[in-house]
Structures are given as C-alpha cells and as structure tokens.
Amino acid sequence: MEWLYLSISILAEVAATTALKASNSFTRLLPSLVVVTGYGISFYFLSLAIQRIPLGVAYAIWSAVGVVLISAAGALLFAQRLSAPVVAGMTLIVAGVVVINVFSRDGIH
C-alpha cells in the first residue's frame with residue numbers, strides 16, 4: 001500500500017503545482033482550490049507512505065518524479081520549453097534516485 005500512497009501523493013502534488021501556475025497568484029478561485037486541496041492530499045498520503053518507506057528515499061522519489069511530471073505538464077499545458085541542460089539535469093536527478101534504490105541498502109528492494 002505504501003507505493004500506492006506515494007503515487008497518490010506525487011500525482012496530487014503535480015496537480016497542485018500545475019494549478020499553482022494556473023491560479024495566477026491565487027486570483028482565480030478554482031485553480032486556487034485545487035492548489036490547497038492537492039497539497040493537502042499530497043502531504044497526507046506522503047505521511048502514510050513514509051510509515052513503511054524510509055523518509056529520504058520516499059522524498060527522493062517524490063521530488064524526482066514530481067520534477068519530471070511537472071516539467072512535462074509545463075511543456076504541454078503552458079508551452080514552456082525544456083532546454084538540453086534542463087533535460088540533462090532532470091536525467092541526473094532521476095539517475096540519483098535509481099542509484100539510491102538499486103545500490104543502497106537504505107533504498108527499496
């Protein structure tokens with residue numbers, strides 16, 4: 001169940017962060033409500049996930065997957081360009097999470 005909780009947390013955080021852009025600095029009601037609700041859901045499910053997944057590992061996965069998904073959302077929904085250095089940096093972040101999980105005894109096996 002902890003992986004389901006972490007997945008829900010990540011998706012809620014991505015929705016909230018995407019809505020944060022759409023909220024226009026909290027001047028638009030519906031996106032603003034999505035922001036507040038999404039972050040609440042995200043942190044609640046993250047708190048459930050870290051009961052079984054080590055905190056640092058869970059946060060590394062949460063943030064790395066979030067960075068990639070939010071960048072994709074920005075590109076698709078807001079026509080934001082992803083330069084080669086940005087893509088390279090995100091690739092390194094994801095690679096770091098893979099290293100943690102594959103080679104560390106603190107990672108998930």
Side-chain angles (χ1 to χ4, degrees):
M1 286 301 283
E2 61 270 12
W3 292 108
L4 176 62
Y5 295 152
L6 186 59
S7 297
I8 293 168
S9 175
I10 291 166
L11 293 175
E13 189 267 338
V14 169
T17 302
T18 302
L20 188 60
K21 171 80 171 160
S23 76
N24 197 29
S25 300
F26 291 100
T27 60
R28 297 180 59 220
L29 180 61
L30 184 58
S32 298
L33 292 174
V34 172
V35 171
V36 173
T37 303
Y39 282 131
I41 291 168
S42 178
F43 287 119
Y44 173 72
F45 280 97
L46 182 59
S47 76
L48 295 177
I50 63 174
Q51 298 303 310
R52 306 275 316 248
I53 301 171
L55 178 61
V57 172
Y59 190 74
I61 294 167
W62 183 84
S63 60
V65 174
V67 163
V68 171
L69 292 178
I70 288 166
S71 296
L76 293 172
L77 300 173
F78 303 111
Q80 296 175 344
R81 297 195 58 208
L82 299 176
S83 65
V86 169
V87 172
M90 287 190 292
T91 301
L92 290 172
I93 291 168
V94 172
V97 171
V98 170
V99 167
I100 289 169
N101 285 302
V102 172
F103 298 107
S104 171
R105 63 186 160 110
D106 297 323
I108 304 304
H109 301 283

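In this structure, Tyr39 and Thr17 have side chains that are in contact, with non-hydrogen atoms separated by less than 4.5 Å. The side-chain heavy atoms of Ile61 and Trp3, taken from C-beta on, include a pair separated by under 4.5 Å. The side-chain heavy atoms of Met90 and Leu82, taken from C-beta on, include a pair separated by under 4.5 Å.
Under a 3.5 Å cut-off, the side chain of Thr37 and the backbone N or O of Val34 do not form any donor-acceptor pair. A donor-acceptor contact shorter than 3.5 Å links the side chain of Ser23 to the backbone of Leu20. Looking only at distances, a side-chain donor or acceptor of Ser71 sits under 3.5 Å from a matching main-chain atom of Val67.
Within 6.0 Å of CZ on Phe26 lie more than 12 heavy atoms contributed by other residues, nucleotides or ligands. Open room surrounds OH on Tyr59; 12 or fewer heavy atoms of other groups in view lie less than 6.0 Å from it.
Both Phe43 and Ile70 are part of a single hydrophobic cluster, where members link through side-chain heavy atoms under 4.5 Å apart. Grouping the Ile, Leu, Val, Met, Phe, Trp and Tyr side chains by contacts below 4.5 angstrom, directly or via other members, places Leu55 with Trp62. In the hydrophobic clustering of ILVMFWY residues, with side-chain heavy atoms under 4.5 Å counting as a link, Leu46 and Ile10 come out together. Each of Leu76 and Val86 belongs to its own hydrophobic cluster when Ile, Leu, Val, Met, Phe, Trp and Tyr are linked at side-chain heavy-atom distances under 4.5 angstrom. When the side chains of ILVMFWY residues are joined at heavy-atom separations under 4.5 Å, either directly or via intervening members, Leu6 and Val65 end up in a single hydrophobic cluster.
A search for side-chain contact (heavy atoms from CB on, under 4.5 Å) contacts involving Thr18 returns Val14, Ala73, Leu77, Phe78, not counting sequence neighbours.
Between atom CD1 of residue Ile93 and atom OG of residue Ser63 there is a gap of 7.5 Å, rounded to the nearest 0.5 Å. Atoms CG and CD1, from Leu11 and Ile41 in turn, are 11.0 Å apart once rounded to the nearest 0.5 Å. In this structure, CD1 on Ile50 lies 13.5 Å from OH on Tyr5, to the nearest 0.5 angstrom.
Shortest non-hydrogen contact noted between Ala19 and Val35 is C-CG2, 3.5 Å. The minimum heavy-atom distance between Ser42 and Glu13, with the atom names listed, is OG-CB, 3.3 Å. Annotation for Ser47 and Gln51: closest pair O-NE2, 3.2 Å, computed over non-hydrogen atoms.
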